[in-house]
There are 2 protein chains.
Amino acid sequence: MSRDYGQYCGLARALDVVGDRWNLLIVRQLLIGPARFGELREGLSGIATNLLTDRLRDLEAGGVIERRLSEDSNAITYALTPWGAQLREPINALIRWSTPLMIRGLEGDEFRPDGLLVALPALFAGRIPADQAVAVGVTVDGVTVQLQATDAGVGVGWPDGRELDAVLTAEAPFVLGLAAGVLSLDDLAALIDIEGDESALRTFFEAPRPSVDVTG
Amino acid sequence: MSRDYGQYCGLARALDVVGDRWNLLIVRQLLIGPARFGELREGLSGIATNLLTDRLRDLEAGGVIERRLSEDSNAITYALTPWGAQLREPINALIRWSTPLMIRGLEGDEFRPDGLLVALPALFAGRIPADQAVAVGVTVDGVTVQLQATDAGVGVGWPDGRELDAVLTAEAPFVLGLAAGVLSLDDLAALIDIEGDESALRTFFEAPRPSVDVTG
DNA sequence: CCGCATCCTCATGGATACTG
DNA sequence: CAGTATCCATGAGGATGCGG
């Protein structure tokens with residue numbers, strides 16, 4: 001690849017920059033936060049190191065990411081530029097579109113809980129669940145992610161020490177189906193585990209959210 | 001490519017289906033409307049025929065497109081499935097993201113006016129410009145596209161015979177900059193040509209629209 | 001270890017010619 | 001017109017090496 005489409009079309013030009021294999025997955029990792037070379041390699045399930053080097057150079061030349069030398073020099077950190085960070089919207093849209101592919105289950109694919117930090121905001125995008133200061137946890141593969149009601153919508157992140165009103169423990173496909181609104185807590189009653197105030201969970205998982213289609 | 005990422009991640013699974021080279025551009029063409037093999041080949045500026053065949057098969061197997069045999073058989077038409085048509089949102093998001101790349105100008109790339117039928121709805125996405133029954137034309141490369149105020153937002157299409165309140169003639173980058181809101185009619189006064197009621201054009205090009213960043 | 005370069009193999013992309 | 005078949009260049013993927 002790396003070959004330009006040669007079309008004066010927004011989609012073609014966007015793909016000239018981020019369409020190469022691995023590029024958008026690198027951006028996904030950096031949407032979680034700045035990362036070192038090795039962290040990226042780890043989060044991308046073992047991309048070949050030469051490819052990661054190439055892609056990082058391409059993305060830097062394209063203005064999507066930047067290299068930062070940490071204070072003590074010698075340590076290079078990769079981070080999104082402001083423009084690169086705006087890829088969150090296209091990526092969120094692709095994540096919502098992929099819902100029919102996700103509710104099929106893992107099918108042998110590798111699951112990394114930090115992916116929830118990108119997937120859950122995409123599925124909850126922009127909706128405002130409640131005025132209350134509700135915070136719940138979602139535990140997948142033994143790792144807990146915190147959902148928190150904010151004025152702007154649902155905030156997603158690692159637990160920040162605050163008390164959780166409830167914790168939902170479930171397999172990854174169930175969590176994503178719940179977040180996308182194609183599965184309900186009642187549907188999954190026998191397959192999930194809930195501790196604490198179940199109504200706090202319903203605040204999140206029964207509120208309106210971006211429509212996704214499951215026709216696929 | 002065609003190789004799966006092997007990650008249980010919405011973005012990775014989406015790219016497993018539409019991430020191969022040419023795939024999203026094929027979807028872009030089909031967002032304009034169903035098309036024959038030769039029309040796709042034409043609209044993709046001469047993609048190799050074997051690649052087009054491969055991609056069409058992949059997309060069909062992935063549930064994104066379907067082959068329709070026309071009534072008199074012998075003529076195959078390709079069209080998006082309902083799920084495939086939902087790629088409009090991710091594609092729109094990428095088109096909005098690409099604005100900084102587009103306002104740089106053509107730079108030798110091929111421009112096809114039918115691309116405006118996809119680009120303009122992306123840039124006007126969802127906003128409601130006016131209650132009036134205003135319709136204007138945008139002429140690029142001698143081809144005119146019609147913009148029409150509707151309850152749902154801006155409707156974009158080929159002229160349907162109705163009388164146009166105004167016609168804007170300009171180079172493609174100017175039209176896209178105007179639609180994205182990073183250029184104004186006043187900025188471009190000397191570079192564009194306006195016939196008819198200029199205020200009708202302002203109804204479209206000075207209304208609020210999705211924010212795009214030009215930091216790139 | 002971390003960041004990257006080099007080599008090698010093989011799948012994929014791309015251009016052309018060809019066929020029903 | 002709608003694809004196949006063929007050939008070649010390129011890129012992906014994996015292993016390894018190397019300086020810091």
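Below, chain A is the first sequence line, B the second, and so on; all start at residue 1. Because only heavy atoms are used, hydrogens play no part in the values below, and waters and symmetry mates are left out as well, while side chains stay in. This one's a predicted model, so the numbers in the text were calculated from it and none came from an experiment.
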Visitor: Using whole Å, what does the distance between atom P of nucleotide D:dG3 and atom CZ of B:Arg36 come to?
Guide: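 Answer to the nearest Å: 9 Å.
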
Visitor: B:Trp22 CH2 to C:dG14 P: how many Å, rounded?
Guide: 6 Å

Visitor: Figure out the CZ/P separation between A:Arg55 and C:dG3, and round it to whole Å.
Guide: 18 Å

Visitor: Would you mind listing every salt bridge (Lys or Arg N to Asp or Glu O under 4.0 Å) that reaches into residues 29-53 of chain B, with sequence neighbours excluded?
Guide: B:Glu42-B:Arg112

Visitor: Determine whether any donor atom in the side chain of A:Thr49 lies under 3.5 Å from an acceptor atom in the base of C:dA5, or the reverse, and answer yes or no.
Guide: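 Counting by modelled atom types and ignoring angles, a donor-acceptor contact under 3.5 Å is found here.
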
Visitor: Specify the separation, in whole Å, of atom CG of A:Leu44 and atom P of D:dA12.
Guide: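 After rounding, the gap between these two atoms is 14 Å.
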
Visitor: Looking at B:Arg3, I'd like to know whether one of its side-chain N or O atoms comes within less than 4.0 Å of OP1 or OP2 on D:dG14.
Guide: yes

Visitor: Any side-chain N or O of B:Arg57 below 4.0 angstrom from OP1/OP2 of D:dT4?
Guide: yes

Visitor: Expressed in angstrom and rounded to an integer, what is the separation of A:Glu60 atom CD from C:dG3 atom P?
Guide: 14 Å

Visitor: With DNA chain C as reference, determine whether B:Leu51 or A:Asp54 sits nearer its 5' end, using the nearest nucleotide of each.
Guide: A:Asp54

Visitor: Check whether any side-chain N or O of B:Tyr78 sits under 4.0 Å from OP1 or OP2 of D:dG3, and answer yes or no.
Guide: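 For D:dG3, OP1 or OP2 has a side-chain N or O of B:Tyr78 closer than 4.0 Å.
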
Visitor: What pair of heavy atoms forms the shortest contact from B:Val140 to B:Pro113, and how long is it?
Guide: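 Looking at all heavy atoms of both residues, the closest pair is O-CG, 4.1 Å.
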
Visitor: Surrounding CD of A:Gln146 (heavy atoms of other residues, nucleotides or ligands, distance under 6.0 Å), is the total greater than 12?
Guide: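 Count over threshold, so yes.
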
Visitor: Using atom CG of A:Asp4 as one end and atom P of D:dG11 as the other, report the distance to the nearest whole Å.
Guide: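 These atoms are roughly 12 Å apart.
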
Visitor: Side chain of A:Asn50: nearest nucleotide among C:dG13, D:dG3, D:dA15?
Guide: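 It is D:dA15.
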
Visitor: Please say whether the positively charged group of A:Arg21, taken as NZ for Lys or CZ for Arg, lies over the ring of B:Tyr5, i.e. under 6.0 angstrom from the six-membered ring centre and within 45 degrees of the axis.
Guide: yes

Visitor: How large an angle, rounded to 10°, do the end axes of the helix from C:dC1-D:dG20 to C:dG20-D:dC1 enclose when each is built from five base pairs?
Guide: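 The angle separating the two end axes equals 30°.
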
Visitor: From CG of A:Asn23 over to C1' of D:dG11, roughly how many Å is that when rounded to an integer?
Guide: 13 Å

Visitor: Could you tell me the separation between the CZ atom of A:Arg68 and the P atom of C:dC2, rounded to a whole number of Å?
Guide: 20 Å

Visitor: Select one nucleotide: of D:dT16, C:dG3, D:dA12, the one nearest the side-chain heavy atoms of A:Arg21.
Guide: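 Minimum distance to the A:Arg21 side chain belongs to D:dA12.
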
Visitor: Look at the side-chain N and O atoms of A:Arg67 and state whether any lies under 4.0 Å from the OP1 or OP2 oxygen of C:dC4.
Guide: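 A:Arg67 to C:dC4 OP1/OP2: side-chain N or O found under 4.0 Å.
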
